[in-house]
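Following: one structure in structure tokens, then a few remarks.
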Amino acid sequence: MRKTIATLALAVLASACGKQDITPDEARSAIPAASAIRIDTPKDSADASSTAASPAALTATTAADATFDARFPAVTTSDYARWSYVTAWTVNGGAWWTLATIRFITLLPPTGCSGDTCTWGPWDEESKITAGLKVKRWQLVVTKVEEGKFRYELSAMNLVEPGPFLPIVSGVAEPAAAGRGKGELTVSFENARQLPESELRYGTLSLQYDTTAATRIDAQLVGSRDEQNGNPLDAAYAFVATGAGGDLQVAFRGQDPAANPVGLSLHTRWDGTGSGRGDARVFAEGVNGSWTFDYGASECWAGKAGAFALTYDTDPVFGDVSACAAAFQGEPQYSTLDVP
């Protein structure tokens, strides 16, 4: 869907018109900046501390930047530190592509504004397979719900088998000063999949954010499928900025190839130097409940100055918990996330 949405912005120009009763600036402000919805990582915190600046955005947007070794070159780097980075990159990357495209559309003149609503489009997308065939019709609508609160929806219509507009990306935003604010965002892969020439992705991604104080981001993926075996897969994420550091939880619930229920969670915490701890847990059980498996493991790692090197591991045993930063020397703190 990323590639599809990214091709739409130029087409909006064809449906733009003249001066409106209200300025579209308020409508533009409703779309949150991708940098405002950002899960930080141990490396972000360490970079920010070393420059005495605010936590930097996780800006990796290419496959090369997203590789483990691109940001964590040491062979001895903690796996949990790496996984925290990749989890953040995955969520941030999806939000960046979605929001950046919608914000770009709003930079163009709206097709019309009436009352508290501005509309961009509709505009048609041509087939990438059959020249001259129009396969989708898109439109973006931004509505002012009340002072300081907006609702937005990017929807699309199937032109091959005509039907209603289906919401693909929708949200509610309450912008605040200096690029901060709170709101929620929903991406429907289910609706996108019903459109011609779309990626075969499943489920619905819901994201809630509040950056008016300490950043908090929660996300849930419901109705997705495992790319390897096609079985159901749901997930949940939660990030909270903790002063100069952060707290990230991620949990998955799915099925193994034999349809046995399985669950995996990771809870990582880190300080301003990037030093931190991760506690992972795996759970599985037989389809008929005849057996269960419950396993936990922990790792600690050094900060940026120590190349995020592994300092403590419970499996295989390496080092002692006393090698962890003082704040992380206690008992494991496994994720408490509920997967929808």
* **ILVMFWY cluster, Leu266 and Val339 together (side-chain gap under 4.5 Å)** => no
* Taking everything shown except Glu161 itself, do over 12 heavy atoms lie less than 6.0 Å from its CD? -> no
* Assess the side chains of Ser335 and Gln249: does a donor N or O sit below 3.5 Å from an acceptor N or O? => yes
* Compute whether any side-chain donor of one residue and acceptor of the other, for Trp138 and Glu125, lie under 3.5 angstrom apart. => yes
* Looking just at side-chain N and O atoms, do Ser127 and Glu197 make a donor-acceptor pair shorter than 3.5 Å? -> yes
* Asked: So do the side chains of Arg269 and Gln333 get within less than 4.5 Å of each other, counting heavy atoms only?
  -> yes
* May I ask you to check whether Asp279 and Ser298 show a side-chain donor-acceptor distance below 3.5 Å? => yes
* Structure fact -> Between the CG atom in Leu140 and the CG atom in Leu108, the distance rounded to the nearest 0.5 Å is 10.5 Å
* For Phe328, what are the other residues in its hydrophobic cluster, where any two members join if their side-chain heavy atoms are less than 4.5 angstrom apart? -> none
* **Hydrophobic cluster (4.5 angstrom, side-chain heavy atoms) - remaining members for Val160** => Leu133, Val135
* Straight-line distance of Leu248 CG to Thr268 OG1, nearest 0.5 Å -> 4.5 Å
* **Salt bridge Asp210-Arg216, side-chain N to carboxylate O under 4.0 Å** => no
* Cluster link Ile168 to Leu200, ILVMFWY, side chain under 4.5 Å -> no
* Step through the shown structure and confirm whether more than 12 heavy atoms of other residues, nucleotides or ligands are within 6.0 Å of CG on Asn288. => yes
* Structure fact -> The reported gap from CG in Leu166 to OG in Ser188 (rounded to nearest 0.5 angstrom) is 8.0 Å
* Structure fact -> Interatomic distance, OH@Tyr209 vs NZ@Lys182, rounded to 0.5 Å, equals 10.5 Å
* Asked: If you round to the nearest 0.5 Å, how far is CZ of Arg103 from OH of Tyr152?
  -> 10.5 Å
* Output, in order, the C-alpha distance, side-chain angles, deciding distance and verdict of side-chain contact (heavy atoms from CB on, under 4.5 Å) for Glu147 and Glu26. => CA-CA 10 Å; Glu147 192 64 34; Glu26 281 190 313; 4.2 Å; yes
* Examine the side chains of Gln208 and Gln220 and answer whether a donor and an acceptor come within less than 3.5 Å of each other. => yes
* **NZ-OG distance between Lys304 and Ser275, expressed to the nearest 0.5 angstrom** => 14.5 Å
* Asked: When you measure from the side chain of Asn191 to the backbone N and O of Pro167, does any donor-acceptor pair fall under 3.5 Å?
  -> yes
